[in-house]
K.L.:
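Would you mind keeping the following structure in view while I ask a few things?
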Protein chains: 2
Amino acid sequence: MPTKTAAQARQQAKDQYDAYLATCPSRLLLDRISNKWVTLIITALRGGPLRYSQLRTTIAGVSEKMLTQTLRSLERDGLISRTVTPSVPVRVDYALTPLGVSILEPITIMKEWAEQHMPAVTAARQAHDVREAS
Amino acid sequence: MPTKTAAQARQQAKDQYDAYLATCPSRLLLDRISNKWVTLIITALRGGPLRYSQLRTTIAGVSEKMLTQTLRSLERDGLISRTVTPSVPVRVDYALTPLGVSILEPITIMKEWAEQHMPAVTAARQAHDVREAS
DNA sequence: CAGCATCCTCAAAGATACTG
DNA sequence: CAGTATCTTTGAGGATGCTG
């Protein structure tokens, strides 16, 4: 009788790997920016602070729920700041923090890679699909 | 009577924006690499070709379904190649294509940003949560 | 060895309506 | 203006068993 079954061993290996991934900085970053709205909000704020309603119209596809939710999480992570001006009606401005500005760089690099190489990816995809259909 | 209701106008704006996002190269790239397994597979192949079973054990947390699914999509996009050696039993090797190698660069840049700044993000998060709890 | 087929779950995103 | 609250949907991903 083995001390543990194959299934148990596999589960343990998985748990360890999951724990490793949970602390991996790169994974944490990916979890952050892989979100559809995160990069849109950050690049929207590139030119300077925007109000809630401006963000909503700039990023036309976003629901209020997702916008608020994403803004809150970005604020929590120190990437954007939220400034309330208690006038009537109230005014709320969102802006990039220095940390938020610094993340523009990797995002820009990714954008450049995308613009250079995505056509090749799309072409490969189409070629592959054509071959598949034959 | 307006030619279109506010809801219709909003829907139209959203559709247009969705269409724009659907062709945006940066979004396409993000959709590609935001996947949990994609970056893990690509970085696993950094050192040279690996067999299916090697990938499965290297990336301990992956199920066969997700591994196969991700490999297929990466092959389709021309980022990795799949080489079958018809021995008994069969042997299948996966390797990065030149396109696949080129994507290592933005991934590495992201990784570097992550290693430099994720501690600050984590700290901001904790500070924020402490403030919240008070 | 290297998969494919099937069923299932659960969390994230969307739609809708209301409020300080 | 700048949100909150609630319900519903959808699909990525996991578990399991089978095959050339």
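Atoms considered below: every heavy atom in the structure, side chains included; atoms not considered: hydrogens, waters and symmetry mates. Throughout, protein chains are lettered first and strands after them, A, B, ... in sequence-line order, and every chain is numbered starting at 1.
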K.L.:
I need the Arg76(B) CZ to His128(A) NE2 distance, nearest 0.5 Å.
P.N.:
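If we round to the nearest 0.5 Å, Arg76(B):CZ and His128(A):NE2 are 7.5 Å apart.
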K.L.:
What is the distance, to the nearest angstrom, from the CG atom on Leu55(B) to the P atom on dC1(C)?
P.N.:
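The distance from CG of Leu55(B) to P of dC1(C) comes to 14 Å, rounded to the nearest Å.
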K.L.:
Considering heavy-atom distances to DNA chain D, does Pro89(A) or Thr68(A) have its closest nucleotide positioned more toward the 5' end?
P.N.:
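Comparing both residues, the 5'-ward one is Pro89(A).
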K.L.:
With no hydrogens and no angle check, is any side-chain donor or acceptor of Gln54(B) less than 3.5 Å from a backbone partner on Arg51(B)?
P.N.:
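It does hold such a pair.
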K.L.:
To the nearest 0.5 Å, what is the distance between CG on Leu55(A) and OG1 on Thr58(A)?
P.N.:
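That separation rounds to 6.0 Å.
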K.L.:
Could you measure the distance from the CD1 atom of Ile103(A) to the OG1 atom of Thr97(A)? Nearest 0.5 Å is fine.
P.N.:
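The distance works out to 9.5 Å.
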K.L.:
Rounded to whole Å, how long is the line connecting atom CZ of Arg91(B) with atom P of dG3(C)?
P.N.:
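It works out to 13 Å between those atoms.
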K.L.:
Is any side-chain N of the basic residue among Asp77(A) and Arg125(B) closer than 4.0 Å to the acidic one's carboxylate O?
P.N.:
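Yes, Asp77(A) and Arg125(B) are salt-bridged.
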K.L.:
Tell me the interatomic distance from Arg32(A), atom CZ, to dA12(C), atom C1', rounded to whole angstroms.
P.N.:
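Result: 14 Å.
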K.L.:
Compare side-chain N and O positions of Tyr94(B) against OP1 and OP2 of dG3(C) and report whether any pair is under 4.0 Å apart.
P.N.:
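Answer is yes, contact under 4.0 Å.
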K.L.:
Taking 5' to 3' order, which nucleotide of DNA chain D is first and which is last to have an atom within less than 4.0 Å of a heavy atom in chain A?
P.N.:
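Nucleotide range in contact with chain A: dC1(D) to dT6(D).
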K.L.:
Tell me which of Tyr52(A) and Asn35(B) sits closer to the 5' end of DNA chain D, going by the nucleotide each one is nearest to.
P.N.:
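Result of the comparison: Tyr52(A).
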K.L.:
For dA2(C) and Arg51(B) - does any side-chain N or O of the residue sit under 4.0 Å from the phosphate oxygens OP1/OP2?
P.N.:
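So the side-chain polar atoms of Arg51(B) do come within 4.0 Å of the phosphate oxygens OP1 or OP2 of dA2(C), strictly under.
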K.L.:
Within this structure, what is the CD1-CE distance for the pair Ile33(A) and Met110(B), rounded to the nearest 0.5 Å?
P.N.:
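Here the interatomic distance stands at 4.5 Å.
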K.L.:
For nucleotides 14-20 of chain C, read 5' to 3', which letter fits each nucleotide if B means a protein heavy atom sits under 4.0 Å from the base, S means only the sugar-phosphate is that close, and - means neither?
P.N.:
BB-B---
K.L.:
Is any side-chain nitrogen or oxygen of Ser53(B) closer than 4.0 Å to OP1 or OP2 of dA2(C)?
P.N.:
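Yes.
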K.L.:
Whole angstrom is fine here: how far is it from CD1 in Ile59(A) over to C1' in dA13(C)?
P.N.:
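That distance rounds to 15 Å.
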K.L.:
Have a look at Glu115(B) and tell me which of His117(B), Met118(B), Lys111(B) forms a side-chain contact (heavy atoms from CB on, under 4.5 Å) with it.
P.N.:
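Of the listed options, the one satisfying the test is Lys111(B).
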K.L.:
Side-chain N or O of Arg56(B) versus OP1/OP2 of dG3(C): is the shortest distance under 4.0 Å?
P.N.:
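No, because none of the side-chain N or O atoms of Arg56(B) sits under 4.0 Å from OP1 or OP2 of dG3(C).
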K.L.:
Run the numbers on Thr108(A) and Arg46(A) for side chain to side chain donor-acceptor pair (under 3.5 Å), then give the verdict.
P.N.:
CA-CA 11 Å; Thr108(A) 305; Arg46(A) 174 170 229 146; 3.0 Å; yes
K.L.:
Please report, rounded to the nearest Å, how far the C1' atom of dA12(C) is from the CZ atom of Arg72(A).
P.N.:
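Going from CZ in Arg72(A) over to C1' in dA12(C) covers 18 Å.
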K.L.:
Can a salt bridge be assigned to the pair Asp129(A) and Arg131(A) using a cut-off of 4.0 Å between side-chain N and carboxylate O?
P.N.:
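Here Asp129(A) does not pair with Arg131(A) in a salt bridge, since their nearest N and O are not under 4.0 Å apart.
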